[in-house]
*Asks:* 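Mind looking over this structure? Questions follow.
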Amino acid sequence: MNHGKPQALIEECPGVMVFMEKKNDNQIQRQIDSKPDQTKMNDLPKSNNDAQLEATLKRFPPPNYYLHAFYYTWYGNPKFDGQYIHWNHKQLPHWDSKVAQGYPQGSHNPPEDIGSNFYPSLGAYSSRDPSIIEAHMQQLRTAAIGVIAVSWYPPNMKDENGHPTDDIVPLLLEVAHKYHIKVVFHIEPYTGRDEVNMFSNVKTLIEKYGDHPAFFRYQTNNGKLLPLFYVYDSYLMNSEQWAKLLKHTESNSIRDTPYDAIFIALLVEEKHKRDILTAGFDGVYTYFATNGFSYGSTQRNWGSIKAFCEDNNLIFIPSVGPGYIDTSVRPWNFQNTRNRINGKYYETSLSAALEARPDFISVTSFNEWHEGTQIEMAIPKTGQTVYLDYLPNKPTIYLEITRKWAAVFGGERRKWQK
């Protein structure tokens with residue numbers, strides 16, 4: 001039992017279909033204050049120059065709301081957070097202690113030495129910095145990405161290397177809205193995640209953010225307008241537990257409540273297909289940018305995964321990426337490195353996704369710098385730490401490739417619907 005695929009989505013701009021809340025879509029334009037760290041969300045001044053903003057927006061291609069990018073808000077620096085967060089990532093030891101001895105262990109030392117094989121154009125930034133969020137939205141619009149899937153832990157919870165980030169969401173929604181970008185949540189495997197606290201966390205997310213015009217919803221084939229949640233490492237919970245949350249027949253189900261949504265499971269192994277079905281999920285995504293790393297991330301399997309989804313009325317969201325390299329944080333993991341080949345790897349990935357006629361395409365990632373999957377702008381950097389870069393291409397190369405394929409995807413989707 002699931003909601004099936006999106007059906008009648010309402011047109012916002014040429015060739016892009018999405019449901020847009022009518023609420024103050026033009027009135028909530030905000031201007032970032034010059035002292036953002038002392039500014040509360042509601043104190044941001046209304047833009048004096050909406051015309052200037054509209055002119056800026058016209059320079060971008062229309063956002064494709066079927067193209068989602070995984071977005072991380074876990075970065076911090078001394079100016080905004082009192083310390084570096086995530087840029088100083090530990091070098092993780094190999095699980096075999098004999099192997100581990102042969103590799104460096106310890107933490108990176110920003111801003112010159114960061115936990116990434118590439119160096120961001122924006123430097124070792126803070127995810128809380130309003131000027132950074134603004135720059136990110138401009139890069140996302142340059143790439144024609146319509147939706148960001150924000151990595152999310154419940155309030156006061158965090159990943160092993162970071163700090164809580166839920167309090168960044170209000171500013172993120174506000175700036176996303178200004179750029180006509182929508183936000184969905186990528187629910188991480190927080191400590192103790194189970195069907196009971198998943199219900200309460202989804203309820204909290206919808207109650208806190210569901211009325212914001214940047215909160216993404218779409219219309220299912222039964223006419224409901226529902227939010228969408230990606231669930232990372234969903235396989236860590238068994239399908240019987242998930243079924244309690246996701247099956248209509250269960251007494252504590254989230255279905256047919258005000259908190260019902262489209263739940264997208266992570267498909268890693270082939271056997272997960274049946275589990276995902278039994279669990280009552282509405283669709284699957286594949287996340288990993290390493291072709292061949294898992295059954296789900298192996299591009300030649302996407303055709304059969306799509307057929308499985310069609311047969312079972314599930315949404316299919318393959319994840320494409322520009323490459324993979326995480327040896328700055330997992331120095332022993334070189335076998336999973338995928339060379340970018342100056343953009344060819346990404347184009348091959350996008351082409352394979354399109355061939356499978358997906359419902360949406362997700363990009364891994366906008367800014368997962370530790371795993372070298374980012375399409376965010378990177379710059380050449382010299383110094384004691386050796387970094388890769390996008391040369392001979394420009395820092396915007398991966399945004400430009402995304403933009404090109406966003407247009408192709410938009411055109412193909414219209415053909416498929418005829």
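Side chains included, hydrogens not; waters and symmetry mates left out as well; all remaining heavy atoms used. For clarity, every value in this text was computed on a predicted model and none was experimentally measured.
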*Asks:* Nearest 0.5 Å, what's the NZ-CD1 distance between Lys306 and Ile317?
*Replies:* 10.5 Å

*Asks:* Under a 3.5 Å cutoff, is there a donor and acceptor pairing between the side chains of Tyr346 and Thr402?
*Replies:* yes

*Asks:* Checking Asp326 against Tyr324: is there a side-chain donor and acceptor pair closer than 3.5 Å?
*Replies:* yes

*Asks:* Can you tell me how far apart NE2 (His108) and NE2 (His89) are? Round to the nearest 0.5 Å.
*Replies:*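 Atom-to-atom, His108:NE2 and His89:NE2 are 8.5 Å apart.
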
*Asks:* For the pair Lys381 and Glu112, find out whether any cationic side-chain nitrogen is under 4.0 Å from an anionic carboxylate oxygen.
*Replies:* yes

*Asks:* How many angstroms lie between CD1 in Ile145 and CD1 in Ile361, if you round to the nearest 0.5 Å?
*Replies:*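 Nearest 0.5 Å value for the CD1-CD1 distance: 11.0 Å.
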
*Asks:* Looking at Tyr387 versus Phe118, is the centre-to-centre ring distance below 6.0 Å?
*Replies:*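 No, ring centres 6.0 Å or more apart.
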
*Asks:* Check the side chains of Asp81 and Ser126 for a donor-acceptor pair under 3.5 angstrom, ignoring hydrogens and angles.
*Replies:* yes

*Asks:* Are Asn117 and Thr327 close enough that a side-chain donor and a side-chain acceptor fall under 3.5 Å?
*Replies:* yes

*Asks:* Testing the 3.5 Å rule here: is there a donor-acceptor pair between the side chains of Asn161 and His86?
*Replies:* no

*Asks:* How far does CD1 of Ile315 sit from CD1 of Ile264, to the nearest 0.5 angstrom?
*Replies:* 4.5 Å

*Asks:* Sub-3.5 Å donor-acceptor pair from the side chain of Arg255 to the main-chain atoms of Ala261, do we have one?
*Replies:*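 Checked: pair present.
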
*Asks:* Any Lys/Arg nitrogen of Lys58 or Glu54 sitting under 4.0 Å from an Asp/Glu carboxylate oxygen of the other?
*Replies:* no

*Asks:* Is it true that Asp129 and Lys79 make a salt bridge, defined as a side-chain N closer than 4.0 Å to a carboxylate O?
*Replies:*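 Judged by the 4.0 Å cut-off on N to carboxylate O distance, Asp129 and Lys79 do not form a salt bridge.
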
*Asks:* Quick one: does Asp389's side chain have a donor or acceptor within less than 3.5 Å of a partner on Leu391's backbone?
*Replies:* yes

*Asks:* Is a side-chain N or O of Arg193 found less than 3.5 angstrom from the main chain of Glu188, in a donor-acceptor match?
*Replies:*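 Present.
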
*Asks:* Going by atom types alone, do Asp233 and Tyr287 pair a side-chain donor with an acceptor below 3.5 Å?
*Replies:* no

*Asks:* Decide, yes or no, whether a salt bridge links Lys415 with Glu412 under the criterion of side-chain N to carboxylate O below 4.0 Å.
*Replies:*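 Yes, Lys415 and Glu412 are salt-bridged.
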
*Asks:* For Gln299, does its backbone N or O pair with a side-chain atom of Asn291 as donor and acceptor, under 3.5 Å?
*Replies:* yes

*Asks:* Do the two ring centres, one from Phe360 and one from Tyr218, sit under 6.0 Å apart?
*Replies:*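 Phe360 vs Tyr218: aromatic centres under 6.0 Å.
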
*Asks:* Please evaluate residues Phe308 and Leu277 with respect to the criterion side-chain contact (heavy atoms from CB on, under 4.5 Å), reporting the C-alpha separation (whole Å), side-chain torsions for both, the decisive distance (0.1 Å), and the verdict.
*Replies:* CA-CA 10 Å; Phe308 169 80; Leu277 213 49; 4.0 Å; yes

*Asks:* Does any donor atom in the side chain of Ser365 or Thr373 lie under 3.5 Å from an acceptor atom in the other side chain?
*Replies:* yes

*Asks:* Determine whether the side chains of His177 and His212 contain a donor N or O and an acceptor N or O closer than 3.5 Å.
*Replies:*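 No donor-acceptor contact under 3.5 Å links the two side chains.
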
*Asks:* Evaluate Trp405 against Leu67 for side-chain contact (heavy atoms from CB on, under 4.5 Å), listing each step before the verdict.
*Replies:* CA-CA 10 Å; Trp405 285 87; Leu67 185 60; over 6 Å; no

*Asks:* Can you tell me how far the OG1 atom of Thr73 sits from the NE2 atom of His163, to the nearest 0.5 Å?
*Replies:* 13.0 Å

*Asks:* So does Gln138 get a backbone contact from the side chain of Thr142, meaning a donor-acceptor N/O pair under 3.5 Å?
*Replies:* yes

*Asks:* Less than 4.0 angstrom from a charged side-chain N to a carboxylate O is my criterion; do Lys244 and Asp194 meet it?
*Replies:* no

*Asks:* Centroid separation under 6.0 Å, is that true for the rings of Tyr285 and His68?
*Replies:* no

*Asks:* Rounded to the nearest 0.5 Å, what's the gap from NZ on Lys182 to CZ on Phe215? Could you check?
*Replies:* 11.0 Å

*Asks:* Are Ser319 and Ser362 close enough that a side-chain donor and a side-chain acceptor fall under 3.5 Å?
*Replies:* yes

*Asks:* Any side-chain donor-acceptor pair under 3.5 Å between Tyr125 and Asn367?
*Replies:* yes

*Asks:* Atom CD of residue position Glu355 - does it have more than 12 heavy atoms of other residues, nucleotides or ligands inside 6.0 Å?
*Replies:* no

*Asks:* Between Lys90 and Glu160, does any NZ, NE, NH1 or NH2 come within less than 4.0 Å of an OD or OE carboxylate oxygen?
*Replies:*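 A salt bridge is absent here (no side-chain N lies under 4.0 Å from a carboxylate O).
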
*Asks:* Step by step, would you call Trp95 with Trp332 a ring-ring contact (aromatic ring centres under 6.0 Å, His included)?
*Replies:* CA-CA 10 Å; Trp95 55 87; Trp332 38 267; 5.4 Å; yes

*Asks:* Please tell me whether His136 and Phe366 form a close aromatic pair, meaning their ring centres lie under 6.0 Å apart.
*Replies:* yes

*Asks:* Start with the C-alpha distance between Val184 and Tyr230, add both sets of side-chain angles, then the distance that settles side-chain contact (heavy atoms from CB on, under 4.5 Å), and finish with yes or no.
*Replies:* CA-CA 8 Å; Val184 299; Tyr230 288 92; 3.8 Å; yes

*Asks:* If only side-chain N and O atoms count, and only distance matters, is there a donor-acceptor pair under 3.5 Å linking Tyr190 with Asn197?
*Replies:*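 Side-chain D/A pair, Asn197 to Tyr190: present.
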
